[in-house]
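Working notes, beginning with the structure itself.
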Amino acid sequence: MAERSNRQVGETLYFMGQLLEVLGENPFKVRAYYKSAEVVERLATPVSRLDEEQLREIPGIGSAIAKKIREIVETGTFHELETVRAGIPEPLIELLSLEGIGPKTVNKLWKKLNVQSIADLEREAKQHRIRAIKGFGEKKEESFLKAIALYRERSGRMTRAEADAVVGMVVPVLEPGTFAMAGSYRRGKSTIGDIDIVSKEPPSVANPKIRTVAEEMIDEGAKKTSFRCLGKRVDVRFSRPEQFGSMLLYLTGSKPFNIRMREYAIFKGFKLNEYGLEDRSSGHLSEFATEEEIFSFLGMDYIVPELREDWGEVEAALARRLPVLVEDREVRGDLHVHSTWSDGVMSLEEIARAGEARGYEYILISDHSATLGIAHGLDEEGLRKQMHEVEVTNRSSSCRLIQGTEVDIMADGTLGLPARVLADVDVVIASIHSAFSQERDVMTRRVLAAVENEHVDIIGHPTGRILGRRQPAEIDIPRVIERAAETGTALECNASPFRLDLDDLYIREATRKKVKIAIGTDAHHPEEFGNIRYGVITCRRGWATAADLLNTMSHKELMEWV
DNA sequence: GCCGTTTTCGGCCCGACTGTTTTCAGTCG
């Protein structure tokens, strides 16, 4: 039987939450299902391996949901879900994806007009039958049609590069020094839903400038403005400078982190909101210009944005046991770069100059092996010629090029170059570039074979995902991490904004198991060297310290490590 | 349905904005 992935289990729990919500169930019960879904999906360990008792120990999962998870693992669903599902038309749930439509609206449309799908809603709105319902009017009909149109052309979450493009449009119209980025952008997530900004400028000053870059103003109030830019939603909250810290804390989130912080504030006798901390007995409001002052006021260490996920960081901050995360400036080199010897556009000379310009000690030249047809890879002879050119280039460069290769992990788990060649290469990255749809067991064994190969130093982009285009391959990453810990193999955090692979949760699992992480940009073009920051921030989200990375080692230490 | 630094029962974050309303419900973040 195929093992159920955490994603599948999470989606099932999430679906239950949606069904209950549309039925008008107790909102806290609904929240419990959503919360458990989220917890399961960001757990590195597969829930299918945990028994009921172990599941119950996970915060957010109680005895009822623990039982249901076991049921999902064994049967793919659970009895109560099937009972509830039978009473609701399936396409109804999709209506929840429309902007401005929540469970109450879905329920009302269903009960009053027998709307069961988006197509039904579109028809009813066009024929002006919505306005017949009490509480709904002409504007609702318009907004439903607009939401449907928007949903059909939806482009989903942004890569970090796309988000940077939106930011690049908006930021130039704002006054320098008067604003800060917030939301998932600031937290460094690998994909971004919308762009959040906190501004000290009053809306009367900022809004006219914003309109010049907005395709559409979604709403404009005295305290916030929402608009669309490059098709993406941007939210701006306005704040007085004295309250800037509270507003930034609030808008940075995450939502679970905010809830945790506000609960803790209640425990300490305060109400926490975006304006400050209000003493619950006296009503006195303390204001904070910076986030640091808020953490200090509550008696905890400062939590950097990357850690704000309610992932144990609040407890760690209270106990003053937060990790010291790796920083950009500690990175001494890039561990995955392609040259004109395979599918890159840079010569070795150009790569060395780029490395010097960035102040790097070294760059790992990791061109493809010849098995990958599309990438014009190197065979044994080509690789030996490249070794010579690397040597020559290094004579006149302060940034050392390290001879490496990115060798294919073939469908059967063997490598694309013979062992005698790999033995002569300083650093070997082994990656999967083909046969992504193998079954989980086959796929996992394939990667494990590479981990166990004595010549392999790093597993490149381990899950193979391409954000928005290709799901992660069916690989048991926790098992790969366990084995990598035993063999001393490093795992890559590929810094391409289209990959960010491994992602934060596996980085955290890997560092817990003392597996080293190698950040590589996979750069094929000179402008891609800057992507290293996406890799660093992803590692920070995975609680990685400088000691967890290969990139923080000196050239000498790195060579000793391999 | 979860959880307990105040609780094994009774809470569960907090506020902005829109549309449809004469005071609020619903949605969103």
Side-chain angles (χ1 to χ4, degrees), chain A residues 13 16-17 20-22 24-39 55-69 78 80 95-109 130-131 133-144 146-147 182-184 193-198 203 217-227 233-239 243 246-247 249-278 280 298-300 310 314-315 318-319:
Chain A
L13 292 169
M16 181 66 173
L20 294 177
E21 203 170 16
V22 168
E25 257 283 359
N26 175 1
F28 297 108
K29 183 171 170 178
V30 172
R31 192 175 107 179
Y33 272 101
Y34 286 147
K35 169 93 179 167
S36 69
E38 200 185 288
V39 164
L55 287 168
R56 249 198 340 251
E57 281 169 19
I58 302 167
I61 298 177
S63 55
I65 290 186
K67 279 199 178 66
K68 278 153 193 167
I69 291 176
F78 56 98
E80 204 181 323
L95 289 171
L96 286 174
S97 314
L98 301 175
E99 207 170 279
I101 296 189
K104 296 288 194 324
T105 306
V106 170
N107 189 287
K108 211 174 200 177
L109 290 167
I130 306 283
R131 59 186 71 171
I133 305 176
K134 188 169 151 61
F136 288 176
E138 200 177 331
K139 290 211 170 157
K140 279 283 178 193
E141 278 173 356
E142 281 168 27
S143 81
F144 289 165
K146 206 164 139 193
S184 56
D194 59 19
I195 302 292
D196 297 297
I197 302 173
V198 181
M217 300 302 280
I218 299 169
D219 50 41
E220 267 182 274
K223 302 187 173 183
K224 63 178 285 205
T225 291
S226 298
F227 61 100
R233 185 187 175 108
V234 182
D235 292 324
V236 181
R237 282 297 304 259
F238 302 101
S239 171
Q243 300 182 332
S246 318
M247 186 62 83
L249 185 76
Y250 152 69
L251 204 62
T252 297
S254 65
K255 182 174 176 165
F257 169 80
N258 281 351
I259 291 176
R260 174 55 62 95
M261 287 292 283
R262 288 167 181 205
E263 281 170 354
Y264 183 69
I266 291 173
F267 167 67
K268 298 283 274 184
F270 296 95
K271 182 172 76 172
L272 174 61
N273 59 26
E274 60 264 53
Y275 304 114
L277 274 162
E278 188 183 313
R280 295 201 125 191
L298 288 171
M300 55 209 288
D310 190 17
V314 174
E315 293 76 2
L318 285 166

Quiz item: Counting just side-chain N and O atoms, does A:Lys140 come under 4.0 Å of either OP1 or OP2 of B:dT18?
Solution: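 Negative; the distance criterion is not met.
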Quiz prompt | B:dT27 OP1/OP2 closer than 4.0 Å to side-chain N/O of A:Thr105 | solution =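 Yes, within the criterion.
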Under 4.0 angstrom, heavy atoms only, what part of the nucleic acid is [X] near: base, sugar-phosphate, or nothing?
X        : answer
A:Glu142 : nothing
A:Asn273 : sugar-phosphate
A:Phe136 : sugar-phosphate
A:Leu98  : sugar-phosphate

Self-check item: Within 6.0 angstrom of A:Lys108 NZ, more than 12 heavy atoms from elsewhere
Solution: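 Atom NZ in A:Lys108 is crowded, with more than 12 foreign heavy atoms closer than 6.0 Å.
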Exercise. Might you point out which heavy atoms bring A:Ala37 and A:Leu13 nearest each other, and give the distance in Å?
Key: CB-CB, 4.0 Å
Quiz prompt | Side chain A:Glu21, main chain A:Pro103, donor-acceptor under 3.5 Å | solution =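 No, because the side chain of A:Glu21 does not come within donor-acceptor range (under 3.5 Å) of the backbone of A:Pro103.
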Quiz prompt | Backbone of A:Asp196 reached by a side-chain donor or acceptor of A:Asp235 within 3.5 Å | solution =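 Not at all, since once roles are kept as given, no pair shorter than 3.5 Å links the two residues.
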Quiz item: Within the modelled atom types, does a donor on one side and an acceptor on the other bring the side chain of A:Asp196 and the base of B:dG29 under 3.5 Å apart?
Solution: no
Practice problem: Please determine, for the side chain of A:Arg237, which listed nucleotide (B:dG1, B:dA16, B:dC13) has the closest atom? | Solution: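 For the A:Arg237 side chain, the nearest candidate turns out to be B:dA16.
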Exercise. Give the nucleotide from the list B:dC2, B:dG15, B:dC13 with an atom nearest to the side chain of A:Ala64.
Key: B:dC2
Exercise. Any strand is fair game: report the nucleotide pairing with B:dA16 by Watson-Crick or G-U wobble, both distances under 3.5 Å, or none.
Key: B:dT27
Exercise. Assign each of A:Phe270 and A:Lys68 to its nearest nucleotide of DNA chain B by heavy atoms, then name whichever residue's nucleotide is nearer the 5' end.
Key: A:Lys68
